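Report on the structure given below.
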Amino acid sequence: MTVTRFAPSPTGYIHVGNLRTALFNHLIARKAGGTFILRLDDTDPERSKEEYADGIREDLEWLGLTWDREERQSKRLDRYADAADRLRAAGRFYEAWETPTELDLKRKKQLNMGQPPVYDRAALKLTDDERAALKAERGEGVWRFKLDQERIEWEDGILGAISIDAASVSDPVLIRADGQVLYTLASVVDDTDMGITHVVRGSDHVTNTATQIQIMQALGFEAPSFAHHSLLTGPQGEGLSKRLGSLALRDLRAAGVEPMALLSHMARIGSSQPVEIAGSLDEIAEGFDLSHFGSAPTKYDLEDLKPLTARYLHSLPLAAVADDVAAAGVPEAEAEAFWSVARENIETRKDIAGWWELFRDGATPLVAEEDRDFVAEALALLPEPPYGPETWGEWTAAVKEATGRKGKGLFMPLRKAVTGRERGPEMAEVMPLLKVKPRV
Ligand code: GLU
């Protein structure tokens, strides 16, 4: 049974970077007919906010990334305390009292001497008396996991064979001095308690994975399989973090990006497969395979989403946009005709209302100075609405005869006068939708 999870911290909204993690884990579970868990990593009581938890659910629902179960780390603190006790009993957990400033100083010294800035395990060498004195002076210390200094190896679902020398990694702090359990331990306990079979996350977690594998071993747990997807960069290869604010999913939603365009794009960038717009998440899941992805940073350009959104909308039948069409005020009887005309000419759903306004109220005509008389003469030949499918042909034939104009010189000024735009739908289809006669 395949079980995956998406484990955001509710300390902010989801952005495109963590969408990738959410999507991959969702797809793996769905493709295998398994379970997808939404896990809120909320052990930090100060930074975790209910508002963000709600926002995360809302964003996932918008995308259709449904989850089978929700878990919260803040409800599982006793499980973490239990694991901590077992690590202590196994001699793999030790208390340390260095302040952040002291640690920083140590790191600087190491770097100056050309050594890797790895925690020197000074706390392990303390005598009982020294420990008691530090505790009396500084109170509770942090709890560090004592890594076995050997190579940690796993076959990564994306990166391939990984081997990390534990001696090059600091013993991770798993519990803070104030007693707060940190993600590194909580995640290990959750992943094993919840039977997670595949952990897919960003490559910024590779070192975490190495330490978590050892923590799992120390607790007698079997490690799941791990895969680390590359991180997204901006179009020029620059870090995405500076712009993360503007790439929050709720901002994309507000900008009119279509979920299916976003998901189709996200499921393919950084892989050997071309971006194709899918009709459903099931379809995306069917073709999804981690082995198609590479380790190189993946360029992400928000601009790509605009044409994808437009293309997706152009492919939709009325039924898929019926709510938006009705909300724009289009009467049901005209909805089909309206959509067939408007569809190819919108970039987002937000443009739907604009086209209906144009038909209902008339456009602001676009008339070049030199066409002013011609357009006025032409409009005099156009009767009042209602118009039919034959109106455009009959009208332009009459205008041609009266003015001698033909081809583009005939049609373009009339299109611009009627729609206020240079490009747009077939005029023969536009005319029957017009409620008012164009005026200049
Ligand atoms: N809360 C962690 C994060 O957002 C989860 C990482 C993981 O998937 O294990 O980075």
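One-based numbering, in listed order, for ligands and for the atoms of each. Each residue takes its place number in the sequence, starting with 1. Source: prediction; values computed, not measured.
When hydrogens are left out, the protein atom nearest atom 10 (O) of ligand 1 is H205 NE2, 2.9 Å; that is the closest non-hydrogen contact. Taking atom 6 (C) of ligand 1 as the reference point, the nearest protein heavy-atom neighbour is Y183 OH, 3.3 Å. Here the protein heavy atom with the shortest distance to atom 5 (C) of ligand 1 is A7 O, 3.2 Å. Considering only non-hydrogen protein atoms, atom 8 (O) of ligand 1 sits nearest to R5 NH1, 2.6 Å.
Taking a cut-off of under 4.0 Å to the non-hydrogen atoms of S9, the atoms of ligand 1 that pass are 1 (N). Ligand-side atoms of ligand 1 in range of R201: 7 (C), 8 (O), 9 (O), range being under 4.0 angstrom from any heavy atom. Atom numbering of ligand 1 starts at 1 in the shown order; those under 4.0 Å from a heavy atom of D41 are 1 (N), 2 (C), 5 (C).
Expressed to the nearest 0.5 Å, how far OG1 of T298 lies from CG of L232 amounts to 6.0 Å. In this structure, the separation between OG on S187 and NE2 on H205 is 8.5 Å, given to the nearest 0.5 Å.
Counting heavy atoms closer than 4.0 Å to ligand 1, residue F6 contributes nothing at all.
Formation of a donor-acceptor pair under 3.5 Å by the N25 side chain with backbone atoms of T21 is found in this model. For R47 (side chain) and T11 (main-chain N/O), no donor-acceptor pair under 3.5 Å exists by modelled atom type.
The two atoms that bring A7 and D41 nearest to each other are O-OD2, 3.4 Å, heavy atoms only.
For the pair R138 and W97, the cation does not sit on the ring face, since its NZ or CZ is not both under 6.0 Å from the ring centre and inside 45° of the axis.
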